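None of the values given here were measured: they were computed from a predicted structure.
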Amino acid sequence: MKKQYVLILIMILTLVECNVKSISLTGESDSWSGEYTANITGDKESGKFIFGYKNATGKELKNLEITINA
C-alpha cells in the first residue's frame, strides 16, 4: 500500500514539472548587455531582467525605459 502512494506521488511531481518551462534570453550591443530569465507556468510568467551599460562612467542612469514588444 505504501509503495502505491510513493508511485502516485512521483507521477504527480513528474506531471507538475512538465508544465513548468524555463527560458533564458541574452543579447548585447556596442553599449549594452542584457539577460532575461523566466519560469513559465500555465498563463503566468515570472522573470528577472539584468541590464548593464558597457561604457560605464560611474554615473547613475536617471531614467531607463524598457519597451518589450510581443
Discussion item. Which residues pass the salt bridge (charged side-chain N to carboxylate O under 4.0 Å, His left out) test with Lys44, not counting sequence neighbours?
Written reply: none
Fill in: With Glu45 via salt bridge (charged side-chain N to carboxylate O under 4.0 Å, His left out) - residues at least two apart
none
Discussion item. For the OG1 atom of Thr37 and the CZ atom of Phe49, what is their distance to the nearest 0.5 Å?
Written reply: 9.5 Å
Worksheet item: Who are the side-chain hydrogen bond (donor to acceptor under 3.5 Å, both in side chains) partners of Ser24, not counting sequence neighbours?
Response: none
Worksheet item: Restricting to pairs with a member in residues 22-40, which pass salt bridge (charged side-chain N to carboxylate O under 4.0 Å, His left out), not counting sequence neighbours?
Response: Glu28-Lys54
